[in-house]
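Have a look at the structure below, then the notes.
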Amino acid sequence: MFFNSEKDAKPILILQVVVLCLLVVLDSNKTKKELNVQEIKENKILNTEVNFLEEPTVLETNLDPIPDFYETDQIEDKAQMQAIYFLKFYGAGLKIHSKIVKVFRPIHGDLKKRVKLVLKELSKGPTEQEQEKGIFTGMPENFSFGKKVRLKKGILHISVDEAFAKETGKDLLQDRIDQLSLSLFEFEEIKGIILYINDKRFEYLGKDNLQIPNVITRKERKIVLL
């Protein structure tokens, strides 16, 4: 179709102008909408709490050093703190008396290994730091436990050398038995203890003939934790 007059072309020009204006408005709304979406995304990012659990490398830099006694252990055989019992004197003069003191040692391994490590710690006695606090052991110097340690039906059979009871008074001998038994009763598998001297059973021990139960069981005694 051809337009031969200015009168015919005018409506077409007006229509073109209207369409152009509509396109400008639509484009402006689209741009504004995109800007609003971007602003919402930015605000969401800024207001979101960072979950560091998703970034383990960040946590690892803030971890405390691993205790020394873990460094040589395998992952499945980490050391656990085990209670060991020593002694400390309280009072003065004729009223001086001993009390059982609980300390802790890193112990690991299966039950047999852990029992032997506890016996070894009892033989070694308190550390220098513990001695400075007045902690001591009632165990004789340079004494040893028998190599054969047997657990049967909850009863631990254990042998010590003759120094454990030789020329020992009633009170000190009782302290030694309590140190030994309380330390071993920390293992829930041990319900009773049969004590041997050089692999022999005795009903009485020490210079005061302290009677020894056939099976030593857990007894109530006040425990001090420093």
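Computed over heavy atoms, backbone and side chain alike; hydrogens, waters and symmetry mates excluded.
Under a cutoff of 6.0 Å and an axis angle of 45°, Lys102 and Phe104 do not form a cation-pi pair.
In the hydrophobic clustering of this structure, Phe143 groups with Val118; members are Ile, Leu, Val, Met, Phe, Trp, Tyr whose side-chain heavy atoms approach within less than 4.5 Å, directly or through other members. Side-chain heavy atoms closer than 4.5 Å link hydrophobic residues (I, L, V, M, F, W, Y) into clusters, and following such links, possibly through other members, connects Phe202 to Val160. The hydrophobic clustering, which links ILVMFWY residues whose side-chain heavy atoms are closer than 4.5 Å, places Ile193 and Leu210 together.
The backbone N or O of Tyr85 sits less than 3.5 Å from a side-chain atom of Ser183, completing a donor-acceptor pair. Side chain of Gln179 to backbone of Gly138: a donor-acceptor contact under 3.5 angstrom is found. No donor-acceptor pair closer than 3.5 Å links the side chain of Glu186 to the backbone N or O of Ile84. For the pair Lys152 (side chain) and His157 (backbone), a donor-acceptor distance under 3.5 Å is absent. With hydrogens and angles ignored, the 3.5 Å screen pairs no side-chain donor or acceptor of Asp208 with any backbone N or O of Gly169.
One finds a salt bridge joining Arg105 and Glu130 here, because a Lys/Arg side-chain nitrogen approaches an Asp/Glu carboxylate oxygen to under 4.0 Å.
Considering all non-hydrogen atoms of both residues, Thr137 and Leu122 come closest at OG1-O, 4.3 Å. For the pair Pro140 and Ala163, the tightest heavy-atom approach, listed with the atom from each and the gap, is CG-O, 3.4 Å. Of all heavy-atom pairs spanning Leu156 and Leu151, the tightest one is N-CD1, 3.7 Å. Between Phe185 and Thr217, the shortest heavy-atom distance links the atoms CE1-C, 3.5 Å. Of all non-hydrogen atoms in Ile197 and Leu205, the two that sit nearest each other are CG1-CD2, 3.9 Å. Nearest approach of Gly109 to Lys113, heavy atoms of both residues: CA-CD, 3.9 Å.
Rounded to the nearest 0.5 angstrom, Leu172 CG and Glu167 CD are separated by 12.5 Å. For the atom pair NZ (Lys120) and NZ (Lys124), the distance works out to 6.0 Å, reported to the nearest 0.5 Å. We find the CZ-CD distance between Arg114 and Gln80 to be 6.5 Å, quoted to the nearest 0.5 Å. Between the CZ atom in Arg150 and the OH atom in Tyr196 there is a gap of 6.0 Å [rounded to 0.5 Å]. Between atom CD of residue Glu203 and atom CG of residue Asn209 there is a gap of 10.0 Å, rounded to the nearest 0.5 Å. Here the OH-CD1 distance, from Tyr90 to Ile96, works out to 11.5 Å after rounding to the nearest 0.5 Å.
Side-chain contact between Pro106 and Met81: present, with at least one pair of heavy atoms (C-beta onward) separated by less than 4.5 Å. Side-chain atoms of Phe164 and Leu195, non-hydrogen and from C-beta on, do get closer than 4.5 Å to each other. In this structure, Phe86 and Met139 have side chains that are not in contact, with every pair of non-hydrogen atoms separated by 4.5 Å or more. Under the 4.5 Å side-chain criterion, counting only non-hydrogen atoms from C-beta, Phe145 is not in contact with Val115. A heavy-atom distance below 4.5 Å is not found between the side chains of Leu180 and Ile216. Annotation: side chain of Lys219 is not in contact with side chain of Ser181 (no heavy-atom distance under 4.5 Å). Proximity of Val224 to Lys88: side-chain heavy atoms (C-beta onward) are nowhere separated by under 4.5 Å. With contacts defined as side-chain heavy-atom distances shorter than 4.5 Å, the pair Ile100/Leu87 qualifies.
Within 6.0 Å of CD in Glu189 there are more than 12 heavy atoms belonging to other residues, nucleotides or ligands.
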Check the pair Leu111, Phe187 against side chain to side chain contact (heavy atoms under 4.5 Å, CB included), reporting the backbone distance first and the verdict last.
CA-CA 8 Å; Leu111 178 61; Phe187 299 102; 3.8 Å; yes
Side chain to side chain contact (heavy atoms under 4.5 Å, CB included), that's the test. Do Leu173 and Lys207 meet it? Break it down for me.
CA-CA 10 Å; Leu173 183 55; Lys207 63 181 182 180; over 6 Å; no
Worked check of side chain to side chain contact (heavy atoms under 4.5 Å, CB included) between Leu119 and Ile158:
CA-CA 10 Å; Leu119 297 178; Ile158 184 171; 3.5 Å; yes
Could you go through the side chain to side chain contact (heavy atoms under 4.5 Å, CB included) check for Leu225 and Val101 one step at a time?
CA-CA 6 Å; Leu225 180 62; Val101 177; over 6 Å; no
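Taking the six-membered ring for Trp and thresholds of 30 and 60 degrees, Phe89 and Phe136 have nearly parallel ring planes, at less than 30 degrees apart.
Side-chain contact annotation: Asp178 with Gln174, donor-acceptor N/O pair under 3.5 Å present.
Evaluated for a side-chain hydrogen bond (donor to acceptor under 3.5 Å, both in side chains) with Asp175, the options Arg221, Lys170, Lys99 yield exactly one hit, Arg221.
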